[in-house]
Protein chains: 2
Amino acid sequence: MQDVARRAGVALSTVSATLTGARPVSVATRTRVEAAMDQLGYRPNALARGLASRRSRVLALTYPVGDSGLSRTSAEFVISAAAVAQERGYQLVLWPFGVDDADGVLDVARQGLADGVLVMEVHAGDARVAALRGAGVPVALIGRTADEADPDLPTVDVDFAATVADAVAHLARLGHRRLAFVNHAERRLAEGHGPTLRASAAWTAELLARGLDPVQVYAEESVAGGRAALAALLDGPDPAPTAVVTMNEEATFGVVAELAARGVAVPAALSVLAVVSSPAVAGQTVPPLTTLHAPGAQLGRAGVDALLALLGTGTVPAPVLEPCRLVDLGSTGPVPTPAGAGALAGSGTP
Amino acid sequence: MQDVARRAGVALSTVSATLTGARPVSVATRTRVEAAMDQLGYRPNALARGLASRRSRVLALTYPVGDSGLSRTSAEFVISAAAVAQERGYQLVLWPFGVDDADGVLDVARQGLADGVLVMEVHAGDARVAALRGAGVPVALIGRTADEADPDLPTVDVDFAATVADAVAHLARLGHRRLAFVNHAERRLAEGHGPTLRASAAWTAELLARGLDPVQVYAEESVAGGRAALAALLDGPDPAPTAVVTMNEEATFGVVAELAARGVAVPAALSVLAVVSSPAVAGQTVPPLTTLHAPGAQLGRAGVDALLALLGTGTVPAPVLEPCRLVDLGSTGPVPTPAGAGALAGSGTP
DNA sequence: TTGAAAGCGCTACCAT
DNA sequence: ATGGTAGCGCTTTCAA
């Protein structure tokens with residue numbers, strides 16, 4: 001930078017001012033400085049800039065290190081967050097730590113490399129969040145805790161209520177009135193797993209509001225879990241559903257498998273709708289599944305922007321709730337007409 | 001750090017020495033310094049340390065920003081690299097740039113935040129690699145180019161030859177002699193796509209060495225592409241294969257779908273083996289697919305270690321080739337006995 | 001509008 | 001083995 005200053009015939013501080021806009025610089029000097037810069041191929045040093053300004057322009061993303069790796073939606077989130085950070089002139093660093101490894105997160109956070117931290121898969125009473133806040137590290141949350149969102153923390157999450165409402169509306173529009181919901185494992189409820197909790201509540205509320213029976217089963221996160229869940233639905237005492245909504249990606253494959261094994265035609269005999277999922281995943285089954293696409297990318301964007309807003313203004317931006325978007329891959333169709341007695345015309349199966 | 005020095009009654013430089021081990025420190029003082037440190041809850045500042053030492057302890061990972069996001073294997077790689085970097089006391093930053101955006105990569109690289117760069121999905125004549133090398137930035141490659149690997153660059157990649165050999169050996173052991181390979185799209189060959197090229201060569205060599213016909217088809221990366229490829233195999237002039245090896249994850253779903261549509265039993269009538277894939281993905285089909293699991297995690301580890309070796313010693317470590325590992329999910333079985341005339345006993349289908 | 005100088009929090013090298 | 005000190009490459013006062 002000294003070189004640039006010399007070449008442009010100005011003081012070091014003027015070059016800095018040209019770069020940061022911290023103070024007015026006449027057009028004439030600015031031009032000369034910029035010319036010198038690209039003649040020299042100058043790039044400011046991120047470390048020095050960060051040290052002097054106390055802003056590294058680095059954001060951190062911490063996520064639980066799982067045996068099973070990241071879900072497709074989480075991966076979309078990470079990639080999107082990195083891309084948006086980039087657009088905003090920031091860089092994103094990855095901090096893999098267990099959800100309960102508050103010490104680990106705190107330790108690296110206090111090294112001061114990152115200006116703020118995005119915390120994924122937040123759970124109720126999250127130790128990482130508490131530790132970071134205690135240390136005065138700016139934080140934004142991805143996925144709210146089961147509790148009401150803390151008003152002092154920026155939060156972005158899937159809008160489960162809207163998603164469930166959209167799913168039900170989509171199926172109701174097709175004439176379905178016997179719907180069933182395949183949720184995550186029941187154990188998740190006790191763990192305070194936000195999606196399980198909020199989707200369950202939204203499902204019940206939405207169905208009751210429509211005067212329908214809010215049938216819901218919990219499924220282990222596995223193919224076997226999905227098969228079992230569907231079997232319970234079809235073999236249970238209640239009348240079998242004409243449409244199934246799944247929010248458990250692993251189990252969804254089991255649902256499809258069980259349907260195939262029983263020879264149940266989709267969507268002719270039964271409609272299947274995968275919510276908070278990814279078409280890239282749900283499109284891999286046979287038949288491909290109509291999906292309410294989890295807004296991983298939008299949340300990545302919103303999360304970064306929320307954190308940057310906090311960093312910039314010092315005020316907590318309002319929570320962001322992103323709905324899923326319908327991607328119709330053909331696994332939902334009109335409710336089957338039981339004995340040709342339906343009032344609706346149209347065959348519905350090509 | 002000044003505070004720590006005061007509290008321990010030593011000079012600033014001694015605290016630094018205690019931290020870095022750059023010079024001998026007596027046990028007595030070291031103890032006092034460390035006591036002072038955790039009484040004060042002191043953590044060294046990463047930015048200052050990096051600026052002064054010219055080593056940021058930050059590694060960068062650049063990958064192409066695709067419309068379709070990262071594959072499962074790539075995601076495993078990223079997660080693994082982040083974890084290993086962490087273990088080694090480094091942090092990993094994400095640099096999403098198109099494969100041809102050498103300027104973008106170079107620009108951020110020259111900001112000096114990262115000590116070195118891991119480049120994913122390297123292709124022949126990669127502009128990013130050339131730019132980084134030109135700027136003197138340490139680089140490690142994930143996936144070799146179609147050309148011979150540059151001896152001046154650390155490289156880690158899937159061992160396609162070993163993987164193909166393992167796949168063929170596995171099927172041969174089951175008695176199969178009519179094998180077919182579903183590769184990526186033919187267009188990839190012209191693009192210098194390493195996996196397509198090397199797997200193709202390995203397939204041909206391996207089959208010929210066994211005196212078998214190296215049947216190979218190229219498939220578009222889609223379900224439709226996979227269906228078409230399998231149809232070509234089954235309806236073609238040549239005798240139908242008894243086992244299919246797929247190395248195209250998207251197309252693999254199509255292969256399975258086509259098989260299901262035709263009522264071909266797997267593995268009773270046809271064995272399917274997904275190579276360089278992920279059990280997390282291949283396990284989602286019905287039936288689940290036996291997989292040669294792409295070593296994403298091992299490559300992440302190896303890639304980080306290769307880059308750190310280069311950084312540490314200044315010498316280029318030897319290329320690392322990681323084989324895939326067999327995960328038997330049941331989609332491969334003994335070759336079917338055409339007319340009950342086979343010499344082999346055993347039914348093979350439970 | 002610009003220049004000069006004082007740090008940011010460390011490491012590295014000089015002494016001692 | 002330890003203390004002092006000069007930077008690392010910037011941003012930020014404060015003067016001019």
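In what follows, every chain begins at residue 1, and chains take the letters A, B, ... in the order their sequences are listed. Hydrogens, waters and symmetry mates play no part in the numbers below; they use all other heavy atoms, side chains included.
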Main-chain N/O of B:Pro96 paired with A:Gln86 side-chain donor or acceptor, under 3.5 Å: yes

Please answer whether the main-chain N or O of B:Met37 pairs with a side-chain N or O of B:Arg7 as donor and acceptor at a distance below 3.5 Å. no

C:dG3 phosphate, OP1 or OP2, under 4.0 Å from A:Thr14 side-chain N/O: yes

Criterion side-chain contact (heavy atoms from CB on, under 4.5 Å) against B:Leu153, the qualifying member of B:Val316, B:Val122, B:Leu141: B:Leu141

At under 4.0 Å between heavy atoms, which parts of nucleotides 8-16 of chain D does protein reach? Answer with one letter per nucleotide, 5' to 3': B base, S sugar-phosphate only, - none. BBBBBB---

Quantified as the angle between the terminal helix axes (five pairs each), what is the overall bend of the helix from C:dT1-D:dA16 to C:dT16-D:dA1 to 10 degrees? 40°

Check the pair A:Arg54 / A:Asp115 against salt bridge (charged side-chain N to carboxylate O under 4.0 Å, His left out), numbers first and verdict last. CA-CA 8 Å; A:Arg54 286 116 196 304; A:Asp115 288 337; over 6 Å; no

Using a strict cut-off of less than 4.0 Å between a Lys/Arg side-chain nitrogen and an Asp/Glu carboxylate oxygen, indicate whether A:Asp305 and A:Arg88 qualify as a salt bridge. yes

Looking at A:Arg133 and A:Asp152, is any side-chain nitrogen of the basic one under 4.0 Å from a carboxylate oxygen of the acidic one? yes

Are A:Glu121 and A:Ser74 close enough that some pair of their side-chain heavy atoms sits under 4.5 Å apart? yes

How long is the gap from CG on B:Leu113 to CG on A:Asn45, to the nearest 0.5 Å? 8.5 Å

Nucleotide nearest A:Thr29 when distance is taken to its side chain, options C:dT1, C:dG3, D:dG3: C:dT1

